[in-house]
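Presented below is the structure to which this report refers.
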Amino acid sequence: MRPYVFVNLAMSADGKISTRERRQVKISGPEDFERVDLIKADADGIMVGIGTVLADNPSLTVKSARRKGERTAAGREENPARIVVDSMARTPVDADILVKGAGKRIIAVSAAAPAGRVDALRGRAEVVVAGEQTVDLAALMEALAGIGIRRLMVEGGGTLIWGLFQAGLVDELRTYVGSVVIGGSGAPTPADGEGFLAESEFPRLTLTGVERIDDGVLLTWQVKKEEGDRSLRG
């Protein structure tokens with residue numbers, strides 16, 4: 001079994017998630033920020049790739065005091081487990097994701113990660129080794145399910161999101177399209193990585209929701225699944 005995985009992201013009207021310098025930009029507004037905080041509070045875990053940690057230094061904490069209180073009243077940590085996919089253990093030990101807010105932290109590394117870096121991270125987080133040279137995402141998902149993570153929110157970046165799609169591990173895609181144009185052939189997109197070559201490999205989606213928020217639109221898609229998928233639905 002594995003968690004139900006939903007990707008949540010904001011992109012510009014021309015399909016970019018940040019500038020060509022990987023600089024974080026404001027794409028959505030206050031209404032969408034509130035939506036994101038709500039779904040974050042409902043999740044068991046929030047996952048990002050090491051590129052997002054190094055570029056944006058996010059804390060991935062729930063912002064609303066009321067929602068934190070509701071989580072603790074239900075016997076949960078005030079923040080979901082925060083998970084970094086970091087094959088070579090490059091996460092700084094003082095990164096916000098490791099030092100801000102209560103809750104479990106998990107760093108997923110490969111067997112090739114330098115032992116010194118891994119040992120340093122073990123002082124701040126639980127370290128999961130999955131894969132030889134890079135993190136084996138399918139194995140990681142099984143490990144996360146084993147510690148009770150049923151709903152997993154993925155916030156980026158493009159390399160991790162593509163890897164999850166490539167491995168058939170995404171159940172739902174929520175895309176906020178904002179009213180700005182960023183441009184640049186080198187600017188990151190929601191799914192970077194190697195990309196799919198054959199049309200037969202493309203993940204197929206079903207549009208299940210369209211909602212105007214702030215000055216943009218939220219599109220919700222379900223990923224069409226093959227027989228035998230073992231995600232923890234919904």
Side-chain angles (χ1 to χ4, degrees), residues 1-9 34-50 52-53 58-64 66-86 97-98 100-109 125-131 135-157 160-176 190-191 203-206 208-209 218-234:
M1 301 294 287
R2 65 169 178 83
Y4 181 87
V5 177
F6 65 97
V7 174
N8 182 79
L9 60 91
E34 183 72 7
R35 175 191 69 85
V36 172
D37 200 53
L38 176 62
I39 61 176
K40 188 181 293 182
D42 190 47
D44 298 311
I46 306 175
M47 176 183 286
V48 294
I50 180 59
T52 297
V53 172
S59 67
L60 303 183
T61 54
V62 175
K63 308 307 178 190
S64 164
R66 175 179 59 81
R67 293 186 184 118
K68 288 180 180 179
E70 289 171 349
R71 284 182 60 92
T72 55
R76 308 166 80 187
E77 293 273 9
E78 66 179 31
N79 294 300
R82 286 162 282 170
I83 304 146
V84 182
V85 177
D86 180 9
I97 201 169
L98 297 180
K100 288 191 174 181
K104 181 185 289 291
R105 283 92 163 173
I106 299 169
I107 309 294
V109 303
E126 178 180 342
V127 175
V128 174
V129 180
V135 171
D136 181 327
L137 294 172
L140 173 60
M141 292 299 167
E142 288 194 14
L144 294 178
I147 61 172
I149 294 179
R150 297 179 59 86
R151 288 184 60 80
L152 178 64
M153 177 178 176
V154 178
E155 285 212 326
L160 173 61
I161 291 171
W162 179 82
L164 290 167
F165 271 113
Q166 193 272 337
L169 297 171
V170 179
D171 298 289
E172 183 179 341
L173 174 63
R174 304 178 188 184
T175 305
Y176 179 84
R204 301 295 173 177
L205 312 176
T206 299
T208 58
L218 175 67
L219 304 175
T220 302
W221 312 81
Q222 288 293 135
V223 181
K224 294 181 180 179
K225 289 297 181 182
E226 299 293 335
E227 291 297 323
D229 179 68
R230 296 163 58 234
S231 66
L232 298 168
R233 289 286 174 183

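Judged as a side chain to side chain contact (heavy atoms under 4.5 Å, CB included), and not counting sequence neighbours, the contacts of A139 are A130, D136. Scanning for side chain to side chain contact (heavy atoms under 4.5 Å, CB included) contacts around A143 gives V128, with sequence neighbours left out. Residues satisfying the ring-ring contact (aromatic ring centres under 6.0 Å, His included) criterion with W221, sequence neighbours excluded, are absent altogether. Scanning for side chain to side chain donor-acceptor pair (under 3.5 Å) contacts around S59 gives T61, K63, with sequence neighbours left out. Partners of E70 according to the side chain to side chain contact (heavy atoms under 4.5 Å, CB included) rule, which considers only residues two or more places apart in sequence or in another chain, are R66, R67. Considering only residues two or more places apart in sequence or on other chains, K68 meets the side chain to side chain contact (heavy atoms under 4.5 Å, CB included) condition with V62, E78, N79.
R2 is listed as a side-chain neighbour of D171, based on a closest heavy-atom distance under 4.5 Å. Residues T52 and V84 are not in side-chain contact: their nearest non-hydrogen atoms beyond the backbone lie 4.5 Å or more apart. Counting heavy atoms from C-beta on, the side chains of D86 and V53 never come closer than 4.5 Å. Looking only at side-chain heavy atoms (C-beta outward), M47 and L140 come within less than 4.5 Å of each other.
A side-chain donor-acceptor contact under 3.5 Å links D44 to the backbone of R151. Counting only distance, with no hydrogens or angles, the side chain of R105 and the backbone of I97 share a donor-acceptor pair below 3.5 Å. A donor-acceptor pair under 3.5 Å links the side-chain atoms of K225 to the main chain of V170, judged by distance alone.
The minimum heavy-atom distance between F6 and I39, with the atom names listed, is CE1-CD1, 4.1 Å.
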**Prompt:** Can R35 and N8 be said to form a side chain to side chain contact (heavy atoms under 4.5 Å, CB included), step by step?
**Reply:** CA-CA 11 Å; R35 175 191 69 85; N8 182 79; 2.9 Å; yes
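Taking 4.0 Å as the cut-off between side-chain N and carboxylate O, E77 and K104 do not count as a salt-bridged pair.
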